[in-house]
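Working notes, structure below.
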Amino acid sequence: MEKILITLDLFLYILPEGVPRNSFIVLAGEGGSGKSVIVANIAKNIIENNEPVIYVCLDDDPLTIIEQLESFGLRIDDNISSRLLLIDGFSYLIRGKKGRIHPLVVEDVDPRNPENLANAILRVLDSTRLSGKGLIIIDSLNEAMISLDPTRFMEFIKLLRANISKTLKIPIIATLHTSTEGFKEYLYTIEHLVDGIIETRGLEEGLSLQLPIQVRQIMIRKIKGVTHRHGWVLYAIDNTGVKPVILKVEKK
């Protein structure tokens, strides 16, 4: 199986072979654990490696997503329109909105019916004829979780995985907030359906206060088809990306 390589320092460290192109991967963690920043950096990296990214904006509006990508050094210009396609599942909340909020938005969707969301992604794939290249980012799956019971949510995941990851060989990375026990239960229900689960979390307060920079943790809980680094890995985020952090303990 062909793989897509994420050439960020952190991912070269934890997933040195990349990920198979037929993968559906969930990036899970509590609020503030770095999920949205990680997927923004992944999107920038894939685009700069000359592959397209379809970014499904559910937790935030497209303008904020674009500003975040720019803050990490992605140049938004006319040449990027074929490599960054936004599906706007946020702006339906804005009263009086007329038209699409940005030229990079190719679909507006009301995600309260997750079938609309799946159909919007498939329409974009049909129109662009993408197959065997690129990446889809869904930030986040919680919008669908709110609308669906666990059984229907599982069917939603199976639909996307079968028609996109498995059929078109386009990997999906979807974030999932696990700030409540109910949301964690949804993660457990789909664990056997997806190809990979990556977890992020913050450090315990006592340890984090001893470090000169803000550090979080990430772990590959499961991944199919490639080798990976086991256990929790420390990482930091700056304006150049996400990087592993190696602590040296000095003996006194």
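Note that the structure is predicted; figures quoted are calculated from it, not measured. Values below: all heavy atoms of this structure, side chains included; hydrogens, waters and symmetry mates excluded.
Following chains of ILVMFWY side-chain contacts shorter than 4.5 Å, one cannot reach L85 starting from F90, and the two form parts of different hydrophobic clusters. The same ILVMFWY cluster, assembled from side-chain heavy atoms under 4.5 Å apart, contains both I197 and M145. V26 and I42 fall into different hydrophobic clusters, defined by Ile, Leu, Val, Met, Phe, Trp and Tyr side-chain heavy atoms under 4.5 Å apart, directly or through other members. Under the 4.5 Å side-chain heavy-atom criterion for Ile, Leu, Val, Met, Phe, Trp and Tyr, V106 and I138 are members of the same hydrophobic cluster. A continuous path of Ile, Leu, Val, Met, Phe, Trp and Tyr side chains, each step under 4.5 Å between heavy atoms, connects I25 with L8, placing both in one hydrophobic cluster.
In this structure, NE2 in H177 is found 5.0 Å from CG in N142, a value given to the nearest 0.5 Å. Separating the CG atom in L141 from the CZ atom in F183 is a distance of 11.0 Å, to the nearest 0.5 Å.
Ion pairing of K158 with E155 is present here, as a side-chain N (NZ or NE/NH1/NH2) and a carboxylate O approach within less than 4.0 Å. One finds a salt bridge joining R123 and E107 here, because a Lys/Arg side-chain nitrogen approaches an Asp/Glu carboxylate oxygen to under 4.0 Å. The residues R100 and D88 are annotated as not salt-bridged, no charged nitrogen and carboxylate oxygen being separated by less than 4.0 angstrom.
Across all non-hydrogen atoms, the minimal contact from T178 to A28 is CG2-CB, 4.2 Å. Heavy atoms only, all atoms of each residue included: A43 and L69 are closest at CB-CD2, 4.1 Å. In plain terms, the two heavy atoms of A118 and L159 that are nearest each other are CB-CD2, 3.8 Å. Here the closest non-hydrogen pair linking P171 and G134 is CD-O, 3.3 Å. V109 approaches Y92 most closely through the heavy-atom pair O-CD2, 4.0 Å. When all heavy atoms of S33 and T200 are compared, the pair lying nearest together is OG-OG1, 2.8 Å.
In this structure a side-chain-to-backbone donor-acceptor pair under 3.5 Å is present from K222 to E191. Panel note: side chain R112, backbone I146; no donor-acceptor pair is recorded below 3.5 Å. With S165 contributing its side chain and S23 its backbone, the two residues share a donor-acceptor pair below 3.5 Å. In this structure a side-chain-to-backbone donor-acceptor pair under 3.5 Å is present from K169 to K166. Side-chain atoms of K35 come within 3.5 Å of backbone atoms of E30 as a donor-acceptor pair (strictly under, hydrogens ignored). Under the 3.5 Å distance criterion, the side-chain polar atoms of T167 are matched with a main-chain donor or acceptor of A162. Under the 3.5 Å distance criterion, the side-chain polar atoms of D238 are matched with a main-chain donor or acceptor of G241.
Checked by atom type, the side-chain pair T175/D139 shows a donor-acceptor distance below 3.5 Å.
For R221, the CZ atom counts as densely surrounded, since its 6.0 Å shell holds more than 12 non-hydrogen atoms of other residues, nucleotides or ligands. Other residues, nucleotides and ligands place no more than 12 heavy atoms under 6.0 Å from the CD atom of E115.
Two residues are said to be in side-chain contact when any heavy atoms from C-beta on lie closer than 4.5 Å; I46 and I137 fail this criterion. Side-chain contact between R161 and I172: absent, with no pair of heavy atoms (C-beta onward) separated by less than 4.5 Å. Put simply, the side chain of R201 reaches to within 4.5 Å of the side chain of W232, judged on heavy atoms. When side chains are defined from C-beta on, I66 counts as touching L86, because their heavy atoms get closer than 4.5 Å. Put simply, the side chain of Q217 reaches to within 4.5 Å of the side chain of L203, judged on heavy atoms. L135 places none of its side-chain heavy atoms less than 4.5 Å from the side chain of E51. Contact annotation: the side chain of F72 approaches that of V37 to within less than 4.5 Å [non-hydrogen atoms, C-beta and beyond]. In this structure, the side chains of V19 and I173 stay at 4.5 Å or more apart for every pair of heavy atoms.
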Problem set entry | side-chain contact (heavy atoms from CB on, under 4.5 Å) between N163 and L125, worked out | CA-CA 10 Å; N163 287 280; L125 292 173; over 6 Å; no

Would N45 and T7 count as a side-chain hydrogen bond (donor to acceptor under 3.5 Å, both in side chains) if you check the C-alpha gap in whole Å, the side-chain angles of each, and the deciding distance to 0.1 Å? CA-CA 7 Å; N45 181 256; T7 56; 2.7 Å; yes

